[in-house]
Amino acid sequence: MTSAVPYGEFLERKTQLGTFDGFEPVFLPEFLFDFQKAIVEWAVRKGKAAIFADCGLGKTPMQLVWAENIVRKTNGRVLILTPLAVSHQTVAEAEKFGIEASRNHGKIVVTNYERLHYYDPSSFVGCVCDESSILKSYDGKRRGEITEFMRKMPYRLLATATAAPNDYVELGTSSEALGELGHLDMLQRFFRHVDNISVSGGATSGHQFRFKHKERAEAFHGGKSLWRFKGHAEQEFWRWVCSWARALRRPSDMGFDDGRFILPPLVEKEYEVHSTTLADGMLFALPAVGLKEQREERRRTIEERCEKVAELCGTQADGQSLVWCHLNDEGDRLEELIPDAVQVSGDDADEAKEEKFLAFARGETRVLVTKPKIGAWGLNFQNCAHVTFFPSHSFEQYYQGVRRCWRFGQKRPVKVDIVTTEGEKSVLKNLQRKAEAADRMFSNLVGEMNNALQVERGRAFNEREKVPAWL
């Protein structure tokens, strides 16, 4: 027979607000900014935590100091997982800050996600997932491997600038990796699922459901299904998220001075090129409808779009250009049209990809051509102030691709040239809509979490009951 649990402890368990399973920091170096110290101190005390900080706010030094605290306290080892080529940058940052880290051995080991299978989880007490939002990009098997690798570790840290670029419910991926609520458990606890919804008033099959605020509907809308907060759950959801995560786009989001963390201007300009060939049976170009027509349009206009990008890069003779593409044929044609361009393609060996990225970061390559899914996460290219993009439906790829250059530490205005066609107007419009929705979403995330942090955690229910006077 088990002993009775005090009522206050029972209520505390039911809150699902997690616990502080870490320890008081033993290492808070002076090179950290004040807001970074606050985040690291909280993350070390928490033990298993997430840092949702914008690009350039110093996630790498925060990760390294967090890992160093784990090493000094436990004398165990910590594995830092990064996107391809970012491991070199992380090791270089560690050396700059006087923290011992290596790609092969030692107490702090830095490696790429693709090499995870070479490591034994029992050899580590802690794990860091840098740019952890890419977990959503992996298939279920790979994502499961990463989650399983960390499952028994007492210390875990996630870090990304795009925690939930499309939907709040994507936060479940991070929660599950940290050992908090599983993705499905999170949905069942805080959200209600409704199928075949009319968000903006248009007719759909099934019943119709209208929202008071359109942006709330957009934030949760995905295809023909919708997740919305249960009537009682919104505040509790944010209380729960802020129990294991901290989010900020600038230091002032946490009450600190922005100081050096003020970005230069971002100049986005659209260029529409005209196709020399039309779709079969068409007399003039029309906006593509549906993914099939959009893909056909993209392939039919490769030459025109690539020529425009080459022209734009030619005007950047005084600086570097970062060119993002989506198709192999686009990358190959851009490499041909721009004489001094270097392409990082999927066929390259991992070592070759890393060297090309590092050469561009060192300023040895004038034009780098690659796909967002290969190089849009984690790399620091503040040396470059010109980016070109072919629009796609992925806001996260666009955001991360631009943020390789437009990030804290950049000293010059960053120019982003978006090259599209008449038929792809709907793609660009959708990307812009997602950008606006994501901006609102992160602002809401920061605001709601700051509000939730002001709520007293685990109120004590120790007052004596009061009998109504009428009794």
Side-chain angles (χ1 to χ4, degrees), residues 5-29 32 34-53 59 61-80 108 121 124-129 132 147 150-160 163 171-182 185-186 189-190 235-248 253-256 445-446 448-462:
V5 177
Y7 187 54
E9 183 178 342
F10 168 75
L11 291 175
E12 178 76 9
R13 292 178 181 178
K14 295 292 285 183
T15 62
Q16 290 286 352
L17 291 183
T19 59
F20 281 80
D21 298 322
F23 50 86
E24 292 297 323
V26 296
F27 177 60
L28 286 174
L32 290 179
D34 48 8
F35 72 93
Q36 294 172 341
K37 284 184 180 180
I39 293 174
V40 171
E41 181 179 8
W42 168 82
V44 171
R45 291 178 59 239
K46 182 64 182 171
K48 296 184 282 289
I51 301 174
F52 302 149
K59 290 189 291 296
M62 286 191 279
Q63 292 168 185
L64 288 166
V65 172
W66 182 89
E68 182 68 12
N69 271 277
I70 305 305
V71 168
R72 294 191 183 192
K73 182 69 174 181
T74 67
N75 197 33
R77 304 173 73 205
V78 174
L79 182 67
I80 299 179
I108 300 178
F124 300 92
V125 297
C127 184
V128 177
C129 287
S132 58
T147 302
M150 297 189 295
R151 187 171 63 85
K152 295 183 179 180
M153 292 185 186
Y155 304 105
R156 311 173 205 173
L157 183 68
L158 308 182
T160 181
L171 290 168
T173 305
S174 299
S175 169
E176 189 165 357
L178 291 176
E180 298 284 343
L181 287 176
D185 293 330
M186 181 201 75
R189 182 174 180 82
F190 298 108
Q235 185 181 37
E236 292 304 314
F237 174 76
W238 294 114
R239 288 185 64 194
W240 170 70
V241 172
C242 79
S243 73
W244 51 265
R246 290 292 181 267
L248 70 160
D253 287 337
M254 294 183 61
F256 295 93
L445 176 62
V446 172
E448 294 285 357
M449 289 181 65
N450 285 338
N451 291 337
L453 286 172
Q454 299 175 15
V455 178
E456 291 182 3
R457 178 176 178 272
R459 293 176 180 174
F461 291 83
N462 52 13

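Every value quoted in this text rests on a predicted model; they were computed, and no experiment measured them.
Residues Met153 and Pro121 form a side-chain contact, since some pair of their non-hydrogen atoms from C-beta on lies under 4.5 Å apart. Between Glu180 and Trp240 there is a side-chain heavy-atom pair separated by less than 4.5 Å. The shortest side-chain heavy-atom distance between Phe190 and Leu171 does not fall under the 4.5 Å cut-off. The shortest distance between side-chain heavy atoms of Phe237 and Met186 falls below 4.5 Å.
Considering all non-hydrogen atoms of both residues, Ala159 and Gln63 come closest at CB-OE1, 3.1 Å. Contact detail for Arg246 and Cys242: the closest heavy-atom pair is NH1-O, 2.6 Å. Heavy atoms only, all atoms of each residue included: Lys37 and Pro29 are closest at CE-O, 3.3 Å. Summarising the geometry of Ala67 relative to Ile80, their closest heavy-atom pair is CB-CD1, 4.4 Å, with the distance given to 0.1 Å. Summarising the geometry of Ala43 relative to Leu157, their closest heavy-atom pair is CB-CD1, 4.2 Å, with the distance given to 0.1 Å. For the residue pair Trp42 and Ala50, the shortest heavy atom distance occurs at CZ3-O, 3.8 Å.
Remark: Ile39 CD1 to Asp34 CG distance equals 10.0 Å, nearest 0.5 Å. Rounded to the nearest 0.5 angstrom, Ile51 CD1 and Gln36 CD are separated by 9.5 Å. Atoms CG and CE, from Leu158 and Met150 in turn, are 5.5 Å apart once rounded to the nearest 0.5 Å. Within the model, atoms NZ of Lys48 and SG of Cys127 stand 13.0 Å from one another, a figure rounded to the nearest 0.5 Å. The CZ atom of Arg156 lies 12.5 Å from the CH2 atom of Trp244; values are rounded to the nearest 0.5 Å. If you take CD on Glu41 and CG on Asn69, they are separated by 10.0 Å, rounding to the nearest 0.5 Å.
Listed by chain and number, the residues in a side-chain contact (heavy atoms from CB on, under 4.5 Å) with Arg72 are Val26, Phe27, Glu68 (sequence neighbours excluded). For Val71, the side-chain contact (heavy atoms from CB on, under 4.5 Å) criterion is met by Val78, Lys107, Ile108, not counting sequence neighbours.
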Please lay out, stage by stage, how Val44 and Val65 fare under the test side-chain contact (heavy atoms from CB on, under 4.5 Å). CA-CA 9 Å; Val44 171; Val65 172; over 6 Å; no
When you look at Phe52 and Thr160, which way does the side-chain contact (heavy atoms from CB on, under 4.5 Å) test go after all the steps? CA-CA 5 Å; Phe52 302 149; Thr160 181; 3.7 Å; yes
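Counting non-hydrogen atoms of neighbouring residues, nucleotides and ligands closer than 6.0 angstrom, the NZ atom of Lys73 reaches no more than 12 such neighbours.
Below 30°, between 30° and 60°, or above 60°: for Tyr155 and Trp66 the angle between ring planes is above 60°, a perpendicular geometry.
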